[in-house]
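Presented below is the structure to which this report refers.
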Amino acid sequence: MTEPVVTDRNPIPAPANRIPTPSSPAPDIVRCAYMEIVVTDLAASRAFYVDVLGLVVTEEDDEAVYLRSFEEFIHHNLVLRKGPVAAVAAFSYRVRTPEDLDLAVAFYEELGCRVERRTSGWTKGIGDSVRVEDPLGFPYEFFHEVEHVERLAWRYDLQTPGCLVRLDHFNQVTPDVPRAVAYMEDLGFRVTEDIQDEAGTTYAAWMRRKPTVHDTAMTGGDGPRMHHVAFATHEKHNIIAICDKLGALRLSDHIERGPGRHGVSNAFYLYLRDPDGHRIEIYTQDYWTGDPDNPVVTWDVHDNQRRDWWGNSVVPSWYTDASLVLDLDGEPKPLVTRTDDSEMEVTIGADGFSYTREGDAAKGFKLGNTL
Ligand code: XXG
Ligand code: FE2
């Protein structure tokens, strides 16, 4: 049997073009907390996230809807903001103390990034915050103070079969994954899993602050773009219930990939596209990573079970499509092209190959239907 390689260190070497390590300590990030997305039709997006997926409205007005999951006690996990171009305005992390905001300012100023302090109330429910255009071009936000709201974990009278219980992670598209990983490690993240080839090209990496497989992942591609935002359910059957509901509503065209079992993370998954094409993952049952000796898992890019444990194909749109991100003026960030090999091309097409058993790869065996 071919198993993923388990190592006890981060095996991705820091690249020559690495972003310098700041001398200022990194802010202590607790977890990914919310994403702010710009949507072009607020009513259509509200219908998708509230009426179909069942997220809870904490607050709303004509410009924005603030949504949370059922176990959440902070004001929101997702902001839908009305705007002209579908994009992502913020990847937001909660930090441990108010002083961590000063650390975030010092850390990013040393990197020469644009940094803005925003006072309490700029975003409903959020206290003072720091927004930056990070060295990879992503709009990152850090906050500590936040309005607490009712945790609806025990409100079984309100919960539906496809109940979304937590925000689990973000996923970002960036052209140079090792460069991104070195910077994220400086920011205090630890790699849990990655995908590489025998030549050492890195295609994707998963990184955590909270003790799950990830708070965010870096996916190789033209970037900066947002690949997806993921919400957790308690169980696999909750994900099946979401598929059944989409079918019953004749909305199955929102399903892009899955349901299935990931190789990476071992989680059960489903990917959906919202009315603007923003990608949402529904995710459940990855593993605990809180031990300091948590081993890094490295997958071979040619292993056709890495992204789907059952060997099902990954649709091309999952590799190619992603959402634009905005700078701090609200303008879309221009894209930088990936120059390393693309995962889609090395695993399909004339020169690409995937294997289920490693020996078959050595014989040059190609699977017809595997991306
Ligand atoms: O959360 C994830 C993902 O990044 O969405 C994708 C966990 C695993 C995978 S993969 O497709 O690599 O199995
Ligand atoms: Fe994911």
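Ligands are counted one by one from 1 in listed order, and the atoms in each one are counted from 1 as well. Throughout, residue positions are numbered sequentially from 1 according to the sequence presented. Here the structure is a predicted model, which is why all the values come from computation and not from measurement.
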| Candidates Phe143, Tyr34, Phe189 - the one meeting ring pair (Phe, Tyr, Trp, His ring centres under 6.0 Å) with Tyr93 |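 So the option named by the test is Phe189.
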Determine whether the side chain, the backbone, both or neither of His227 has a heavy atom under 4.0 Å from any heavy atom of ligand 1.
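It is neither part, as no heavy atom is under 4.0 Å.
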Self-check item: ligand 1-proximal atoms of Tyr269, by part, heavy-atom distance under 4.0 Å
Solution: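 Near ligand 1, Tyr269 shows nothing, with every heavy atom at 4.0 Å or more.
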When you measure from the side chain of [X] to the backbone of [Y], do you find a donor-acceptor pair of N or O atoms at a distance under 3.5 Å?
{"X": "Glu343", "Y": "Gly220", "result": "no"}
{"X": "Arg68", "Y": "Asn77", "result": "no"}
{"X": "Asp215", "Y": "Arg208", "result": "no"}

Among protein heavy atoms, which sits nearest to atom 4 (O) of ligand 1, and what does the distance come to when rounded to 0.1 Å?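 The protein heavy atom lying closest is Trp206 NE1, 2.9 Å.
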_Identity and distance of the protein heavy atom lying nearest atom 12 (O) of ligand 1_ =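 Sorting protein heavy atoms by distance from atom 12 (O) of ligand 1 puts Arg307 NH1, 2.7 Å first.
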Problem set entry | CG (Asp62) with more than 12 external heavy atoms under 6.0 Å |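 No.
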Below 3.5 Å, N or O to N or O, backbone or side chain included: is there any such pair between [X] and ligand 1?
{"X": "His262", "value": "yes"}
{"X": "Trp318", "value": "no"}
{"X": "His169", "value": "yes"}
{"X": "Ser265", "value": "no"}

Is it true that some N/O/S atom of [X], main chain or side chain, lies under 2.8 Å from the Fe ion (ligand 2)?
{"X": "His227", "value": "no"}
{"X": "His262", "value": "no"}
{"X": "Asp168", "value": "no"}

Is [Y] reachable from [X] through a run of hydrophobic residues whose side-chain heavy atoms are each under 4.5 Å from the next?
{"X": "Tyr140", "Y": "Val38", "result": "no"}
{"X": "Met207", "Y": "Val264", "result": "yes"}
{"X": "Tyr287", "Y": "Val191", "result": "yes"}
{"X": "Tyr183", "Y": "Ile29", "result": "yes"}

With a 4.0 Å cut-off, would you call Asp157 and Arg155 a salt bridge?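 Answer for the salt bridge query: yes.
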Under 4.0 Å from a heavy atom of [X]: which atoms of ligand 1 are those, numbered in the order shown and with their elements?
{"X": "Asn171", "answer": "4 (O)"}
{"X": "Tyr283", "answer": "1 (O)"}
{"X": "Arg257", "answer": "11 (O)"}
{"X": "Tyr271", "answer": "3 (C), 5 (O), 6 (C)"}

message: I'd like to know whether Asp286 forms a side-chain contact (heavy atoms from CB on, under 4.5 Å) with Asn266, so could you lay out the CA-CA distance, the side-chain angles of the two residues, the decisive distance to 0.1 Å, and finally the verdict.
response: CA-CA 5 Å; Asp286 61 355; Asn266 201 23; 5.9 Å; no
The Fe ion (ligand 2) - closest N/O/S atom in Glu281: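 Nearest to the Fe ion (ligand 2) within Glu281's N, O and S set: OE1.
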| Any non-hydrogen atom of Glu193 lying under 4.0 Å from ligand 1? |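 It does not; every heavy atom stays at 4.0 Å or beyond.
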